[in-house]
Structures are given as structure tokens and as C-alpha cells.
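Side chains included, hydrogens not; waters and symmetry mates left out as well; all remaining heavy atoms used. Predicted model, so just to flag it, every value in this text is computed and none were measured.
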Amino acid sequence: MDDQNKNLILAVVLSGIVLLTWTYFFPAPEPVIDPNAPTVQQSVASQGAAGDTIALAPPSTDAGITTNGAVTQPATTVSDAPRIDIETDRVVGSISLIGGRIDDLSLKDYKTELDSDEIVTLLTPVGSDAPYYAVYGWAPGGDLTGADVPSANTEWSVESGTALGLDAPVTLAWENDSGLVFRRTISIDKDYLFTITQSVENKGADAKRMAAYGIVARHGTPEVSRYFVLHEGLVRLTDKTLEEADYKDIADYDMVAREGAQASVAQVEENGWVGFTDKNWMTTLVPQPGQSFTSVVKYVANSEIYQVESRLPAQTIEPGASVENTTYLFAGAKEWEAIKRYQDEVGIYHFVDSIDWGWFFFFTKPIFRLLHALNAIIGNMGWSIIVLTLIIKGIMFPLAYKSYVSMARMKELQPEMEKLKEEAGDDREKMQRGMMDLYKKNKVNPASGCLPLILQIPVFFSLYKVIFVTIELRHAPWLGWIRDLSAPDPSSILNLFGLLSFTPPEPGSIFAILSLGILPIVLGISMWLQQKLNPAPTDPSQKMIMAWMPWVFMFMLGSFASGLVLYWIANNTITFTQQYLIMRSHGHKPEVLGNILGSLRSKKKEDAS
């Protein structure tokens with residue numbers, strides 16, 4: 001077996017191992033239920049700026065607030081409370097005056113399913129199947145008690161505004177019995193960023209001390225996509241450290257007595273944010289850029305509540321004075337353009353890293369940005385993927401050219417290699433020495449044929465990450481029957497691509513692998529044709545591997561996202577064209593048709609024997 005064929009088999013085997021491993025770790029997904037469930041379990045204590053301990057009294061579980069594990073019920077349930085409507089061009093929902101909770105939010109631009117009229121619901125109130133909401137407040141310090149500050153169950157009054165909308169903020173107010181007036185002004189921009197300004201006016205005779213906080217809570221463990229490549233759960237930036245933890249990791253945190261729960265507490269000196277991320281949606285607490293705060297993640301096991309908190313330093317309000325704090329809440333779709341704008345214009349440090357770019361982020365980020373730019377010009381993600389493939393192949397062409405030239409020279413050396421085999425006989429060491437001298441003399445690198453394939457693997461993974469994770473490809477059409485490039489090809493050979501009324505197996509079924517769509521079949525054919533640029537190997541083992549490889553890949557990639565299969569088809573087509581032209585330029589006319597007919601004749605002989 002010559003070195004060229006050995007390298008070819010090695011490349012094939014490595015590719016097969018990679019794809020088999022990929023399929024094992026990233027199986028077909030189960031139906032995903034949007035994880036939208038919060039709850040407010042309380043933090044027991046927060047460290048103030050001056051080192052004093054501020055007791056926190058946050059939100060609620062089923063209508064109550066948890067403090068040190070004890071759940072209390074409010075006099076008025078959240079479902080019975082008056083509400084203020086939220087509506088912009090992109091979101092719709094309401095704010096509960098119980099606690100001033102932002103607990104009802106839906107995204108008008110996104111449908112739950114491709115053919116559904118139901119829009120995606122992100123935040124839901126206590127009393128729903130999976131409560132998920134944001135709540136703000138003040139933790140009492142000094143001689144203040146929990147009754148002196150508004151809690152998650154306090155009923156606020158509307159001081160100004162009738163509904164929250166673009167350029168239409170609302171202000172809520174509440175006054176205690178000792179002269180402290182609390183106000184909360186909420187505004188929203190054109191996309192998904194809420195601005196929350198909390199203020200306290202001290203009309204009393206004594207100075208008061210307290211600390212502002214924000215909480216996002218979700219009740220119950222959300223159903224998540226079971227893809228190893230996708231992160232869902234906690235996403236947190238602590239100065240320059242990005243942290244991700246899934247819900248199982250959060251539930252395994254050590255018990256922190258001061259928090260009264262399993263928790264992770266981090267001190268942010270200048271820049272940070274903390275929240276929960278799903279595949280396409282995110283809810284994140286964001287203090288002002290440059291603001292120090294305490295970032296807390298906790299799990300309340302007895303009520304199965306996951307909670308993130310941002311706690312600002314304690315402040316003293318002198319008699320006749322007032323203080324004010326402004327923070328942000330991102331609640332919406334993980335659109336790169338919107339998140340990048342918040343990073344650049346609002347100054348939210350490294351906010352684009354809230355998108356899960358993966359291990360190959362150095363490939364994933366530029367690939368996405370280029371794809372996004374192409375789509376802005378072309379207006380169709382499918383054609384943009386094809387143009388992106390052309391650009392990637394153009395960048396890699398010098399390397400590919402050297403590889404194909406080396407392969408062509410290897411073919412030129414075939415007669416001399418055959419002569420060496422005859423001379424060496426069974427002396428493998430002599431054969432190897434002779435072949436190395438032959439390669440060196442003719443300046444041929446036998447391993448160069450594998451290099452483009454090896455380099456394609458991280459590009460392939462990165463593009464898979466882009467297509468699977470970024471929301472920009474969700475429900476993005478290409479042409480005809482391909483109406484969602486983030487989903488597998490919906491056509492099926494089992495019902496003759498829709499000509500029969502038979503319903504093919506659903507994704508996840510053990511028979512779904514047989515339900516090949518048009519794109520996976522085209523992929524298999526493109527790989528098969530690419531093989532036919534060269535004659536079939538004479539070695540029976542090599543020949544069998546090469547014969548089966550296109551069809552194995554066809555079935556393995558059949559359940560992958562259409563956008564990824566489209567990329568692979570375009571990649572194969574361009575590679576075929578490049579290799580054909582380079583071989584022609586070196587005096588080797590590929591006998592594609594002859595090789596196809598030869599393989600058929602060989603098959604007939606095998607069947608006859």
C-alpha cells in the first residue's frame with residue numbers, strides 16, 4: 001500500500017471518528033420546552049461598601065418571599081394584583097404592582113414553531129407553570145427592618161405613566177411610616193433593554209442606610225436541549241472572567257450559611273453582569289459600567305428555585321437627602337446586533353460573550369460576523385452560507401493548491417513507486433527508505449493531502465456552532481422546502497419527498513435516520529463524485545472503505561441542520577472543481593465518467609463471482 005493511499009485511509013478514518021464522536025455527543029434533540037421559570041428566594045445578607053452587613057429581603061416563591069428558607073405568603077396574590085402594560089414594536093407584556101415585578105414578557109418577532117401563530121413567552125408570573133421574573137428592591141441596614149423597605153410583595157402605586165413603551169417610562173412609588181419615599185422608574189428601548197432607576201428620599205429626622213439589589217428568579221429546573229455543544233444555564237461576567245454553569249452545576253454548589261442556600265458569591269470591582277441564558281433567549285442583570293457590586297448565584301433546594309442577584313454597595317441617606325441608582329435588565333432574544341449595540345453604546349463590558357461561541361471562538365466569531373454581513377447584503381441566509389463557503393475556500397486555496405499539486409505529483413511518481421515495490425520485495429525498510437528518497441528528490445510531501453481536511457474540522461465545528469446557537473438562523477429560509485436552516489431537511493425519501501401521504505418518522509425516532517431528505521442525499525452524491533476524480537484503490541480494504549464512505553456520511557449528517565449540510569455540499573462542489581482544474585493544469589485529465597463506469601463494472605464482476 002503506498003503512502004498516498006495510507007494517508008487517504010487515515011484521513012477517512014479520522015473523519016469518521018470525528019463524526020461518530022460528534023453524533024454521540026450531539027444526538028438528535030428531544031422537543032425543547034422553553035425554560036421560563038423564576039422565583040425569588042431571598043438572600044440572607046449582603047456586604048455593604050463600608051463593610052456593614054445589609055440584610056436582604058427579596059422576592060417570592062409561589063407568591064411569597066424566602067428568607068433563610070422560610071416561605072411567607074403575601075396578602076394579595078400576584079395574579080390578583082393590578083398591572084401596567086408593556087408594549088413596543090418587539091415585546092408585549094405587563095408589570096405587576098405586587099413587588100413591581102417584571103414578570104410577563106413575550107417576544108413579538110419570534111414564533112414558538114415555524115407554522116405557529118403563538119409568540120415566544122420569556123417571563124411568566126408566579127402562579128404559571130414555570131414562573132420566571134425580575135424583581136428589584138432595597139436591603140435594610142442599620143436600624144431598619146424588612147418592614148421599612150419595599151419587598152417583593154409590596155404593592156406599589158403608579159406615580160406617573162399609564163403604560164410602559166418606547167419613550168414612555170413609568171414611575172412607581174411607595175412610602176413607609178417613617179418618612180422614606182421609594183420610587184422606581186422603568187423604561188425600555190427599541191429592543192430588549194430595560195433601564196431601572198431606584199431612588200429613596202429621606203423625609204425623616206435620622207440618617208438611614210440600605211443597599212439596592214436586583215434579582216432574576218426562575219422556579220423549577222428548566223427543560224433544556226441535550227446538546228453538548230450548547231450551554232444553557234448561568235452566564236456571568238466578573239470583571240474579565242466569564243463563567244458558565246448549567247443547572248446541575250448550580251444545584252451542586254456548596255451551602256453558604258450566610259446566603260441560606262447553595263450559592264456562589266463573587267465581588268465585581270468594575271464591570272460585570274449575571275443572568276440565565278437559554279438557547280435563543282436571555283435574562284440578565286447589568287449594573288452600570290464601572291459599578292462595583294456583589295454577584296450572587298444560588299439554588300434554593302427546598303423550593304427548587306434558581307436565582308441570580310446583583311447587590312450594589314450600601315448607601316447612607318441623610319435627613320432631607322435622597323439617593324438614586326440605575327441598573328439595566330436585558331430580557332429578550334440573543335440577537336448579536338442588539339447585544340453588540342449594548343456593548344458599544346451602553347458600555348456593557350464584553351456583552352457579546354453572553355452568546356455561546358464555544359471553544360473555537362477565534363473561528364466562530366469571525367465566521368458569524370462575516371455570515372451576518374453577507375446576509376445583510378444578500379438577504380437570504382442560505383445563499384449567504386454558500387458565498388461564505390466560497391470565501392473560506394478562497395482563503396484556504398493556496399494551501400489546497402499545494403495539496404492538490406502534491407497529490408498530482410504523487411500520481412506522476414506511481415510508475416517509479418511500483419518499480420521500488422518490485423525491487424524491495426518483502427523488505428519494508430528498504431521500501432520506506434526508497435520512497436522517502438523519491439519524495440525528497442521530487443519535493444513531494446505525502447502528508448500534504450491530509451492538511452486541508454484537518455484544517456476543515458475546526459471550521460466545520462465553528463460553522464456548526466454558528467448555525468446551531470445563533471438566533472439569526474432560527475426559522476431562516478433558503479428556498480423551496482427549506483424554510484428553517486437551523487433544522488434538518490424536512491423532506492423524506494420515505495414518502496418520496498411529499499408525493500405520498502405517508503408521514504415519515506419524527507426526529508428522535510430510531511427510524512428517523514432512514515428518513516433522508518433531499519439535501520443529505522445530494523451531500524452523499526457530491527462526496528461520491530469527488531471520489532471519482534481518482535480511480536478506485538486496488539487494495540480491497542481501501543476500496544471497501546472508499547465505496548461506503550459517502551453513504552455513511554450521508555446518513556450521519558442527515559439529521560444535522562440544513563444550513564450545515566448546505567455548507568458541506570457547497571464545500572464539496574468547490575473542492576471538486578478546484579481539484580479537477582488543478583489536475584488538468586498538470587496534464588492529468590480526471591476520468592470521472594470512466595471511473596464511475598469502472599466501479600460499476602467492478603461491482604458486476606464481484607456480484608458474478
Any side-chain heavy atom of [X] sitting closer than 4.5 Å to one from [Y]?
{"X": "Lys465", "Y": "Trp359", "answer": "no"}
{"X": "Asp249", "Y": "Asp246", "answer": "yes"}
{"X": "Asp109", "Y": "Val120", "answer": "no"}
{"X": "Phe351", "Y": "Phe330", "answer": "yes"}
{"X": "Val297", "Y": "Arg236", "answer": "yes"}

Open item on the list: One thing to verify: whether Asp252 and Lys248 come together as a salt bridge, which I'm taking to mean a side-chain N less than 4.0 angstrom from a carboxylate O.
Closed with: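 A salt bridge links Lys248 with Asp252.
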Once you round to the nearest 0.5 Å, how far does [atom1] of [X] lie from [atom2] of [Y]?
{"X": "Ile482", "Y": "Leu519", "atom1": "CD1", "atom2": "CG", "answer": "4.5 Å"}
{"X": "Thr389", "Y": "Ile574", "atom1": "OG1", "atom2": "CD1", "answer": "5.5 Å"}
{"X": "Gln530", "Y": "Asn571", "atom1": "CD", "atom2": "CG", "answer": "7.5 Å"}
{"X": "His231", "Y": "Ser354", "atom1": "NE2", "atom2": "OG", "answer": "10.5 Å"}
{"X": "Ile348", "Y": "Arg341", "atom1": "CD1", "atom2": "CZ", "answer": "10.0 Å"}
{"X": "Trp357", "Y": "Ile367", "atom1": "CH2", "atom2": "CD1", "answer": "10.5 Å"}

Please report, to 0.1 Å, the donor-acceptor pairs under 3.5 Å made by any side chain of residues 378-388, with sequence neighbours excluded.
from   : atom 1 : to     : atom 2 : distance (Å)
Asn380 : OD1    : Gly382 : N      : 2.8
Asn380 : OD1    : Trp383 : N      : 3.1
Asn380 : ND2    : Trp478 : O      : 2.9
Ser384 : OG     : Asn375 : N      : 3.4
Ser384 : OG     : Asn380 : O      : 2.7

Shortest non-hydrogen separation from [X] to [Y] and the atoms involved:
{"X": "Pro488", "Y": "Gly558", "answer": "CB-O, 4.2 Å"}
{"X": "Val565", "Y": "Leu557", "answer": "CG2-O, 3.5 Å"}
{"X": "Asp353", "Y": "Lys365", "answer": "OD1-NZ, 2.8 Å"}
{"X": "Ile471", "Y": "Ala333", "answer": "CD1-CB, 3.5 Å"}
{"X": "Asp356", "Y": "Val469", "answer": "O-CG1, 3.6 Å"}

- [ ] Test side-chain contact (heavy atoms from CB on, under 4.5 Å) on Val459 and Tyr567 and set out the steps.
- [x] CA-CA 11 Å; Val459 175; Tyr567 158 77; 3.9 Å; yes
Task: Candidate list Arg90, Lys334, Lys340, test salt bridge (charged side-chain N to carboxylate O under 4.0 Å, His left out), partner Asp191, passing option - done: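 Filter result, single survivor: Arg90.
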Name the orientation class of the two ring planes belonging to [X] and [Y] (parallel below 30°, tilted from 30 to 60°, perpendicular beyond 60°).
{"X": "Phe368", "Y": "His372", "answer": "tilted"}
{"X": "Phe576", "Y": "Tyr580", "answer": "parallel"}
{"X": "Tyr247", "Y": "Tyr306", "answer": "perpendicular"}

Open item on the list: When you measure from the centre of the six-membered ring of Phe468, is the NZ or CZ of Lys279 closer than 6.0 Å and no more than 45° off the axis?
Closed with: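 Checked: cation-pi criterion met.
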- [ ] Give a yes or no answer on whether the side chain of Ser562 reaches the backbone of Ala487 with a donor-acceptor pair at less than 3.5 Å.
- [x]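 Pair found, side chain donor or acceptor close to backbone of Ala487.
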TODO: Keeping the roles fixed (side chain from Glu118, backbone from Thr112), state whether a donor-acceptor pair exists under 3.5 Å.
DONE: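 No, Glu118 side chain to Thr112 backbone: no donor-acceptor pair under 3.5 Å.
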Task: More than 12 heavy atoms from other groups under 6.0 Å of NZ on Lys108 - done: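 Count over threshold, so yes.
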Task: Under 3.5 Å side-chain donor-acceptor pair for Lys190 and Thr88 - done: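 Note: Lys190 and Thr88 side chains miss the donor-acceptor criterion.
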TODO: For the residue pair Asp189 and Tyr342, confirm or rule out a side-chain donor-acceptor distance under 3.5 Å.
DONE: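 Side chains of Asp189 and Tyr342: pair found under 3.5 Å.
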Task: Pair Trp281 and Tyr110, ring centroids less than 6.0 Å apart - done: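 Distance test on ring centres: under 6.0 Å, yes.
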